[in-house]
There are 2 protein chains.
Amino acid sequence: MTEQAAEVDQLRASDGRVPGRRGRATRQRLLDCTAEMLRTTSYRAIKVIDIAREAGTSPATFYQYFADVEAAILVLAEEMAADGERLVQLVREGTWRGKAGYRTALALTDAFLEFWDEHRPVLRVVDLATDEGDHRFRNIRVKVLNAVVRELAAVIARFQEEGRNTGVEPMAQAGTLVATLASVAAHHAGFEYWGFRTDDVRVSVARTVYWGTTGQRPPADG
Amino acid sequence: MTEQAAEVDQLRASDGRVPGRRGRATRQRLLDCTAEMLRTTSYRAIKVIDIAREAGTSPATFYQYFADVEAAILVLAEEMAADGERLVQLVREGTWRGKAGYRTALALTDAFLEFWDEHRPVLRVVDLATDEGDHRFRNIRVKVLNAVVRELAAVIARFQEEGRNTGVEPMAQAGTLVATLASVAAHHAGFEYWGFRTDDVRVSVARTVYWGTTGQRPPADG
DNA sequence: CGGTTCCCTGATGGATCGTCAGGTCTCGTT
DNA sequence: AACGAGACCTGACGATCCATCAGGGAACCG
């Protein structure tokens with residue numbers, strides 16, 4: 001199956017037809033309202049009837065485009081995954097040596113914080129569903145994070161060739177660092193609630209990423 | 001209000017009375033079944049009627065002891081929080097210098113992995129609810145993790161008095177490390193799915209914790 | 001303007017929710 | 001052992017949501 005055919009299949013309505021202009025607009029409206037509901041109410045409390053009402057349509061229409069609420073969220077999650085490409089690029093295109101390397105680590109930390117702030121409502125559902133063993137959502141999570149992990153592992157492997165940062169398996173090390181980035185990004189609001197300053201946390205994370213990637217002590221002046 | 005009075009209040013049924021022997025047994029049965037449902041079905045799909053059926057009683061009985069499903073899970077979460085004390089003890093009672101220090105880091109990593117494996121179904125709901133801004137659940141999460149963070153921050157501060165591991169704010173640094181521990185513990189199953197060996201991840205985490213706490217390079221031979 | 005395809009909805013049977021009033025069980029008292 | 005008095009549980013109910021039809025409008029084309 002071509003990629004394009006797969007894309008069409010995703011749009012396909014429940015009765016098998018491929019929606020036209022009006023249909024796609026309705027579908028998008030439903031997606032927007034789903035995102036809105038996700039932002040304003042708890043995941044558990046979201047009802048398709050609420051989404052439909054918000055979109056000015058009936059529940060039956062919702063079911064024409066999505067099998068259930070999770071299917072709609074899955075689409076939102078895929079849009080998010082596409083946006084995640086920018087995280088990968090930061091790792092790939094940044095330099096990792098010296099002070100510039102530390103700046104790359106800082107930039108990556110900021111990018112994670114920003115990414116999570118932007119996609120938090122979707123990400124928390126992705127996390128939950130992944131943890132509950134839902135394959136479709138796990139694949140999304142992998143698509144975003146695994147790409148970053150691979151790229152970072154490549155950087156680590158290069159340092160290891162030079163005899164630095166030895167004693168760790170590059171993928172495992174990269175996975176650990178990405179876990180740190182993701183977890184802090186997910187919970188930094190909670191950190192602030194405890195009285196942490198986000199900037200202090202940001203520095204700690206960036207230093208950890210720099211050290212964990214290069215095996216070298218971060219620049220003293222931050 | 002005394003602590004005991006607060007405990008009694010938690011048990012109090014919806015009509016204000018304090019349950020006796022039979023009532024407490026029923027309540028416990030409902031809690032057990034809630035935990036079981038949490039293990040076997042998705043959070044979103046849990047219905048009070050299912051819990052009641054599983055417990056061999058009627059929905060009305062459930063509502064006599066809990067306002068809703070979340071209230072029951074909250075009780076499970078509090079039991080979990082009590083168990084979290086063992087993580088704090090590991091940090092407090094372990095030594096953090098030299099190879100023994102690295103062994104403490106490894107032990108802490110293992111303890112987190114074990115803790116998450118044991119309490120995963122509850123923890124994922126705590127995480128979600130916390131992220132959604134539910135204060136009651138956030139307090140639980142704080143109770144478990146903040147205690148570990150404080151203890152670890154105290155260790156970091158001691159190293160800083162000796163001129164080591166400078167340039168970071170102890171609480172922020174400890175928070176970052178605990179985020180790493182928690183995140184890896186939460187997702188190590190996913191790591192394995194990608195083909196990582198848990199043992200490699202374990203080493204990476206322990207080394208990161210050791211470095212982040214002491215400011216020193218971990219022992220070469222692991 | 002008529003026909004065809006696309007899109008939407010009212011209606012519906014089934015399930016769950018949350019809450020009573022009232023029945024059943026337990027246990028201490030006599 | 002019989003008897004209350006609470007303690008405990010449940011049947012029943014109106015409200016809501018689910019998920020799915022068949023059929024009524026809307027848009028587009030010739």
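Reckoned from all heavy atoms, side chains included, excluding hydrogens, waters and symmetry mates. In what follows, chains are A, B, ... by sequence order, proteins preceding strands, each numbered from 1.
Within the structure, salt bridge (Lys or Arg N to Asp or Glu O under 4.0 Å) pairs that include any residue of residues 179-191 of chain A do not occur (at least two apart or interchain).
Between the OH atom of Y63(B) and the P atom of dG18(C) there is a distance of 3 Å, given to the nearest Å. We find that CD of Q64(A) is positioned 17 Å from P of dC18(D), with the value rounded to whole Å. In this entry the distance linking OH of Y65(A) with P of dT9(C) reads 10 Å, nearest Å. I49(B) has its CD1 atom 15 Å from the P atom of dT19(C), to the nearest Å. One interatomic measurement links the two molecules: CZ of F66(B) to P of dC8(D), which rounds to 14 Å at whole-angstrom precision. The interatomic distance linking R22(B) (CZ) with dT24(C) (P) rounds to 13 Å, in whole Å. Distance CG (L30(B)) to P (dC9(D)): 8 Å, rounded to an integer number of Å. For R21(A) and dC29(D), the CZ to P distance is 10 Å, given to the nearest whole Å.
With respect to the salt-bridge test (charged N to carboxylate O, under 4.0 angstrom), the residues E70(B) and R136(B) qualify. Salt bridge R86(B)/E118(B): present, at least one basic N to carboxylate O contact under 4.0 Å.
The side chain of S58(B) has dT10(D) as its nearest neighbour among dT9(C), dC8(D), dT10(D).
With sequence neighbours excluded, no residue forms a side chain to side chain donor-acceptor pair (under 3.5 Å) with T104(A).
Between P59(A) and R44(A), the one whose closest nucleotide on DNA chain C sits nearer the 5' end is P59(A). In terms of position on DNA chain D, the residue among A67(A) and T57(B) whose nearest nucleotide sits closer to the 5' end is T57(B). In this structure, R53(A) and T61(A) both approach DNA chain D, and ranking their closest nucleotides by distance from the 5' end singles out R53(A).
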